Amino acid sequence: MKSISLALIVLALYSCSSKQQAPMAPPPPALPVAAIVAGTDTTYQEYPASVEGTVNVEIRPQVSGTLDKVFVDEGAKVSEGEPLFKINDLPYRAAYNNAEANLHAAEASEANAQLEIDKLTPLVQNKVVSDYQLKTAKATFQVAKSNVEQAKAIVSTAEINLGYTLIKAPVNGYIGRLAKKQGSLVAPADVDALTLLSDVHNVHVYFSLSENDFVNFKEQYPGETLNEKLKHLPAVTLLLADNTAYGTAGKIDMIDGQFDKTTGAITLRANFPNAQGLLRSGNTGKVRLSQFHNNALIVPQSATVEMQDKVFVFTLADSNKVKKQPIVIIGKSGGNYLVKDGVKVGDQIVLSGFDHLQEGQVIQPVKSTDKIAKN
């Protein structure tokens with residue numbers, strides 16, 4: 001009996017010890033949550049852009065000859081009418097002088113023909129000579145008069161060609177690379193221009209929108225036609241190659257008449273003042289467009305998880321279980337995502353600490369005092 005009692009005591013002690021050593025289930029993690037609210041915000045989209053002067057003129061010779069003088073240097077700022085190049089004018093000046101001499105000879109022939117008419121007119125009236133001689137004299141005068149007009153035209157052409165030997169700036173602007181140097185032989189048929197002159201007191205910045213972006217772009221602003229919408233477009237920012245913003249805002253003033261069949265994009269043009277000449281033709285950068293969103297759902301970027309090109313949030317479902325929910329993003333503003341679909345106003349989302357959360361896991365929600373949307 002003593003052995004049986006001892007065995008029962010040992011068994012009871014062992015059972016108690018086993019119960020005490022059984023592991024306790026961990027409590028649900030306490031994580032901050034907050035409700036989705038709607039607010040207003042502005043997002044920005046950036047598009048690659050190229051810069052061109054308002055006027056880009058190829059400076060080409062109109063006559064052939066040797067380039068005697070180059071009055072400007074590459075990159076120089078020139079004014080309209082300022083001399084740029086001088087072509088040897090000796091053959092053109094000789095042609096002009098010869099044309100002038102021929103004109104004088106033609107004018108003398110015309111004067112002689114007029115004298116003949118003046119001489120024969122009274123003789124015909126007095127029937128001293130026949131009328132035929134007077135008619136012949138008048139015909140000779142008409143030929144002489146035509147020769148004078150032709151000589152004047154030749155003089156005008158020679159004068160124009162002589163003027164072409166001095167090449168002047170057609171507009172204000174900056175000189176580009178000089179393809180020809182002093183002493184080079186130049187001709188109108190040359191493949192390369194002498195230089196490129198760019199008027200950059202204002203610059204045109206060209207960028208392209210995809211078809212979808214263009215549709216969204218049009219829907220933002222009031223107006224029945226594109227011209228009406230252009231009047232309501234906000235100013236745009238130009239980001240330079242080093243990603244710094246150009247100091248003056250620009251205005252979109254042109255939308256191309258058709259989409260590019262190859263790229264499926266349409267070109268827009270923004271005009272930027274360039275009084276300091278900081279921008280030049282050929283500059284590249286990005287145009288930043290702003291887009292206003294009213295009643296947008298704003299979710300902190302830190303409260304999202306990105307997997308396989310999709311963005312998820314953990315929403316709080318029944319019984320404090322979490323659900324991994326994909327969201328559709330329409331833009332970014334600071335540290336927030338602007339959401340189009342996937343959540344709605346009032347949904348509770350986990351703000352942080354969800355690195356090891358699993359679908360359907362129970363948590364202990366802690367109401368966050370942080371605002372997750374701007375009103």
Side-chain angles (χ1 to χ4, degrees), residues 52-120 135-202 277 280-281:
E52 294 183 12
T54 53
V55 178
N56 288 320
V57 183
E58 286 187 342
I59 306 299
R60 291 182 175 273
Q62 299 297 305
V63 293
S64 302
T66 303
L67 199 60
D68 273 357
K69 294 181 180 179
V70 178
F71 297 106
V72 293
D73 197 2
E74 295 173 337
K77 183 179 181 180
V78 297
S79 302
E80 181 179 353
E82 184 176 340
L84 305 179
F85 303 96
K86 183 70 169 65
I87 297 174
N88 187 293
D89 65 354
L90 291 179
Y92 299 99
R93 190 170 296 281
Y96 173 75
N97 293 336
N98 185 56
E100 282 276 352
N102 290 335
L103 173 60
H104 295 326
E107 289 173 339
S109 297
E110 182 185 26
N112 283 333
Q114 182 64 52
L115 289 174
E116 187 67 16
I117 292 173
D118 295 341
K119 182 184 74 172
L120 292 175
K135 290 181 179 179
T136 301
K138 288 182 178 180
T140 302
F141 174 78
Q142 290 299 325
V143 172
K145 186 177 180 180
S146 297
N147 289 338
V148 170
E149 296 300 324
Q150 184 179 26
K152 286 181 178 179
I154 294 174
V155 169
S156 179
T157 301
E159 186 177 15
I160 290 173
N161 288 335
L162 180 60
Y164 280 153
T165 60
L166 181 61
I167 302 174
K168 299 179 180 180
V171 295
N172 299 331
Y174 290 88
I175 297 293
R177 295 289 301 274
L178 298 178
K180 300 286 187 178
K181 305 300 182 183
Q182 184 173 343
S184 300
L185 185 63
V186 298
D190 288 345
V191 176
D192 296 325
L194 293 175
T195 189
L196 183 68
L197 178 60
S198 297
D199 181 1
V200 291
H201 74 282
N202 283 313
R280 300 293 179 92
S281 290

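These numbers come from the heavy atoms of this one structure, side chains and all, not from hydrogens, waters or symmetry mates. Since the structure is predicted, the reported quantities are computational estimates derived from the model, not experimental observations. Starting from 1, each residue takes its place in the sequence as its number.
- Residue-environment remark: CD (Glu74) exceeds the threshold of 12 foreign heavy atoms within 6.0 Å.
- Distance alone, capped at 3.5 Å, is enough to place a donor-acceptor pair between the Asn172 side chain and the Glu80 backbone.
- At a threshold of 4.5 Å between non-hydrogen side-chain atoms, the residues Leu103 and Ile154 do not count as touching.
- Asn102 contributes no side-chain N or O that, together with a main-chain N or O of Ala99, makes up a donor-acceptor pair within less than 3.5 Å.
- Looking only at side-chain heavy atoms (C-beta outward), Tyr164 and Ser64 stay at 4.5 Å or farther from each other.
- Judged by distance alone, with hydrogens and angles left aside, the side-chain atoms of Ser109 form a donor-acceptor pair with the main-chain N or O of Ala105 at under 3.5 Å.
- For the atom pair CG (Leu197) and NZ (Lys168), the distance works out to 15.0 Å, reported to the nearest 0.5 Å.
- Taking both residues in full, the closest heavy atoms of Ile117 and Lys138 are given as CD1-CA, 3.7 Å, listed atom of the first, atom of the second, then distance.
- For the pair Ser281 and Asn56, the tightest heavy-atom approach, listed with the atom from each and the gap, is OG-OD1, 3.0 Å.
- Of the inter-residue distances, the one linking Thr157 atom OG1 with Leu162 atom CG reads 12.5 Å to the nearest 0.5 angstrom.
- Between Asn112 and Glu116 the shortest side-chain heavy-atom distance does not fall below 4.5 Å.
- Nearest heavy atom pair, residue Gly75 against residue Tyr174, reads O-CD2, 3.7 Å.
- Rounding to the nearest 0.5 angstrom, the gap separating the CD atom in Glu110 from the CG atom in Asn147 is 9.5 Å.
- Note that NZ of Lys181 is 11.0 Å distant from CG of Leu194, once rounded to the nearest 0.5 Å.
- A side-chain donor-acceptor contact under 3.5 Å links Thr195 to the backbone of Arg177.
- Checked by atom type and distance alone, the side chain of Ser184 never pairs as donor or acceptor with a backbone atom of Leu67 at under 3.5 Å.
- Atom NZ of residue Lys152 and atom CD of residue Glu107 lie 6.0 Å apart, to the nearest 0.5 angstrom.
- Nearest heavy atom pair, residue Val200 against residue Gly53, reads CG1-CA, 3.8 Å.
- When side chains are defined from C-beta on, Ile167 counts as touching Ile87, because their heavy atoms get closer than 4.5 Å.
- Heavy atoms only, all atoms of each residue included: Pro61 and Ala187 are closest at CG-O, 3.4 Å.
- Within the 4.5 Å cutoff, the side chain of Phe85 has no heavy atoms near those of the Val186 side chain.
- Side chain of Arg60 to backbone of Val191: a donor-acceptor contact under 3.5 angstrom is found.
- The two residues Phe71 and Pro83 make their nearest non-hydrogen contact at CB-O, 3.5 Å.
- Shown here is Lys86, whose NZ atom has more than 12 heavy atoms of other residues, nucleotides or ligands within 6.0 Å.
- In this structure, CD1 in Ile59 is found 11.0 Å from CG in Leu178, a value given to the nearest 0.5 Å.
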